[in-house]
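Remember, it's a predicted structure, so these values are computed and weren't measured experimentally.
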Amino acid sequence: MRKDGFMRLFKKRETGIAAEAVQIRPRDAHPFGVFAGYVPLRGGEAELYRAVREAVPVVDAAITKIIRLTGGVSAECPDKAAERGLNEFLRTVSTGRGQRGIESFLSCYLESMLTYGRAAGEIVLGGGDIAAVLCGDVSNIEIREGSTPLDFELCSWTEKGSIEPLPYQDLLLFTPFNPEPENPYGVSLLRSMPFLTDILLKIYNSIGLNWERAGNVRFAVIYKPQGELEGLSGAKERSRQIAKEWAAAMQSGKNGSVRDFVAVGDVDIKVIGADNQVLDSETPVRQIIEQLVARTGIPPFMLGLSWSSTERMSAQQADILTSEITAIRRSLEPALERICSLWLRLHGWGGSVRAVWEDINLQDETEEAKAELYRAQAEKIKHDLEKEGEN
């Protein structure tokens, strides 16, 4: 009896109205959940780096600008006839998917190198000449090291599920980006970004949820029965009537018409979430984006970010960016020179070949006009001095 009385004391009184927990509501998480479980496992992070570029537009824009600034190359040979033929080949070589020219190959090659830390390509022979130069998918390639650091083979998965070396290693191109001594695969430009990207996406996802609640306003209509209604059934009926009229008033507002809501009794209407304070996201978002942009080496204003009062690139920023692009070009030169050397040998030309890159132009139109004026003045002075020498 004592036990039953104790249980009756703490037993929940049944009122006829039960509030149950919602079970099918999804988790409030951003769609790029791969960042939270990031573990760097050699080649397994390719999908992660691809998701970073897809999720953060400023990172994708920075890599695209690096690729565009790096382009512009030609070949230089001791024999001018060989040089003309080689440059024509570089201009018209097929690179797959309807594209032509070595520039399209280098863009795809460099994009893979920056994003995944390594790039792979293949020289396709046909009819005694180079038929195409193609960029490969690095996620399908494994490296097998030999007995010395100079020996390595590019391998791929076979239909049987085993890894075997590719048959023609001399026609394969492979370039790691900033390789480490213990890692022959290279290091991605995005290696330090997954943690910060995960935080940034959580902030953006929270902002979206808050604006969804603030933009699509929810109302709480609270009816407090007074003495004119007795019993639970009367309160329920009056609540149904209020809910029906409130829904009709809200629907009329969606259709563009105005409809008043009239209720009898003590009815209180509040906006759900109106009292909550939205956190300021400007400072943390800027701090994270500063870290991401600093890793790419691109000045912020080139990405549309106005963080300082200066609008033009300073000489120091231009020199730093130029040195970064020059270093990236040096990484591409071995693959480019292998393609050019093979073309020369196939056509019976000897000698060496050197890649000549276009000047990196980071100045505005005014500076370009001044430089053109200075060049014209120098040409005029040179021409006058040659005339005086002839006289």
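Side-chain N/O atoms of Y116 and R50 include a donor and acceptor closer than 3.5 Å. A donor atom on one side chain and an acceptor atom on the other are not found under 3.5 Å apart for R118 and S112.
Residues L166 and L172 form a side-chain contact, since some pair of their non-hydrogen atoms from C-beta on lies under 4.5 Å apart. The shortest distance between side-chain heavy atoms of Y109 and L173 falls below 4.5 Å. Taking 4.5 Å as the limit, every side-chain heavy atom of S74 sits out of range of all side-chain heavy atoms of L90. Within the 4.5 Å cutoff, the side chain of E111 has heavy atoms near those of the R53 side chain. Contact annotation: the side chain of I130 never approaches that of H347 to less than 4.5 Å [non-hydrogen atoms, C-beta and beyond]. A 4.5 Å side-chain heavy-atom check between I66 and I328 finds at least one atom pair inside the cut-off. You'll find the side chain of W343 reaches within 4.5 Å of the side chain of D129, heavy atoms only. In this structure the side chain of I102 reaches within 4.5 angstrom of the side chain of I339, judged on heavy atoms.
Atom-to-atom distance recorded for L106:CG and M113:CE is 9.5 Å, nearest 0.5 angstrom. Taking CG of L190 as the start and CG of L292 as the end, the distance is 9.5 Å to the nearest 0.5 Å. Expressed to the nearest 0.5 Å, how far CG of L336 lies from CG of L332 amounts to 8.0 Å. The CD1 atom of I298 lies 10.0 Å from the OG1 atom of T64; values are rounded to the nearest 0.5 Å. Taking CD of E47 as the reference point, atom CD of E54 lies at 10.0 Å (rounded to 0.5 Å). The structure places CZ of R68 at 13.0 Å from CD1 of I63, a figure rounded to the nearest 0.5 Å.
A donor-acceptor contact shorter than 3.5 Å links the side chain of D79 to the backbone of A81. Proximity of a side-chain donor or acceptor of N87 to a complementary backbone N or O of A75 within less than 3.5 Å is detected. No side-chain donor-acceptor contact under 3.5 Å links T95 to the backbone of F105. The closest donor-acceptor contact from the side chain of H383 to the backbone of E379 lies at 3.5 Å or more, if one exists at all. Counting only distance, with no hydrogens or angles, the side chain of E122 and the backbone of G136 share no donor-acceptor pair below 3.5 Å.
Here salt bridge (Lys or Arg N to Asp or Glu O under 4.0 Å) pairs that include residues 81-107, with residues two or more places apart or in two chains, are K80-E83, E88-R91. Listed by first and then second residue, the salt bridge (Lys or Arg N to Asp or Glu O under 4.0 Å) pairs involving residues 351-362 are E76-R354 (not counting sequence neighbours). Here salt bridge (Lys or Arg N to Asp or Glu O under 4.0 Å) pairs that include residues 326-339, with residues two or more places apart or in two chains, number zero.
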Report task. Could you go through the side-chain contact (heavy atoms from CB on, under 4.5 Å) check for V73 and V356 one step at a time? Result -> CA-CA 6 Å; V73 65; V356 179; 6.0 Å; no
**Report entry** Working for side-chain contact (heavy atoms from CB on, under 4.5 Å), residues F174 and I143
**Finding:** CA-CA 10 Å; F174 179 77; I143 297 179; 3.1 Å; yes
Requested in this report: Before giving the answer on side-chain contact (heavy atoms from CB on, under 4.5 Å), spell out for S156 and E142 the whole-Å C-alpha distance, their side-chain angles and the decisive distance to 0.1 Å.
Outcome: CA-CA 6 Å; S156 180; E142 299 285 339; over 6 Å; no
Query - Test log, rule salt bridge (Lys or Arg N to Asp or Glu O under 4.0 Å), inputs E282 and R286 - result: CA-CA 6 Å; E282 182 178 359; R286 174 172 172 174; 5.9 Å; no
Requested in this report: Just do the side-chain contact (heavy atoms from CB on, under 4.5 Å) check on I141 and C155 with the steps written out, would you?
Outcome: CA-CA 6 Å; I141 296 176; C155 308; over 6 Å; no
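No chain of hydrophobic side-chain contacts below 4.5 Å, direct or via other Ile, Leu, Val, Met, Phe, Trp or Tyr residues, connects V124 to L342. Following chains of ILVMFWY side-chain contacts shorter than 4.5 Å, one cannot reach L154 starting from W157, and the two form parts of different hydrophobic clusters. Transitive grouping of hydrophobic side chains (ILVMFWY, heavy atoms separated by less than 4.5 Å) brings I199 and I207 into a common cluster. Under the 4.5 Å side-chain heavy-atom criterion for ILVMFWY residues, no single connected hydrophobic cluster contains both I163 and F152. L134 and F89 fall into different hydrophobic clusters, where Ile, Leu, Val, Met, Phe, Trp and Tyr side chains are chained together by heavy-atom contacts under 4.5 Å.
For the side chain to side chain contact (heavy atoms under 4.5 Å, CB included) with V56, the qualifying choice from I288, I289, T197 is T197, the only one to do so.
The local environment of CG in D384 is crowded, with over 12 non-hydrogen atoms from other residues, nucleotides or ligands closer than 6.0 Å.
Scanning all heavy atoms of the two residues, the minimum distance from S192 to R295 falls at OG-CD, 3.8 Å. The shortest non-hydrogen separation linking P57 to A55 is CD-O, 3.4 Å. Minimum heavy-atom separation, P78 to S352: CD-O, 3.2 Å. Summarising the geometry of L114 relative to S188, their closest heavy-atom pair is O-OG, 3.4 Å, with the distance given to 0.1 Å. Here the closest heavy-atom approach between residue A82 and residue L344 is recorded as CB-CD2, 4.0 Å. Across all their heavy atoms, G297 and L321 have their closest contact at O-CD1, 3.5 Å.
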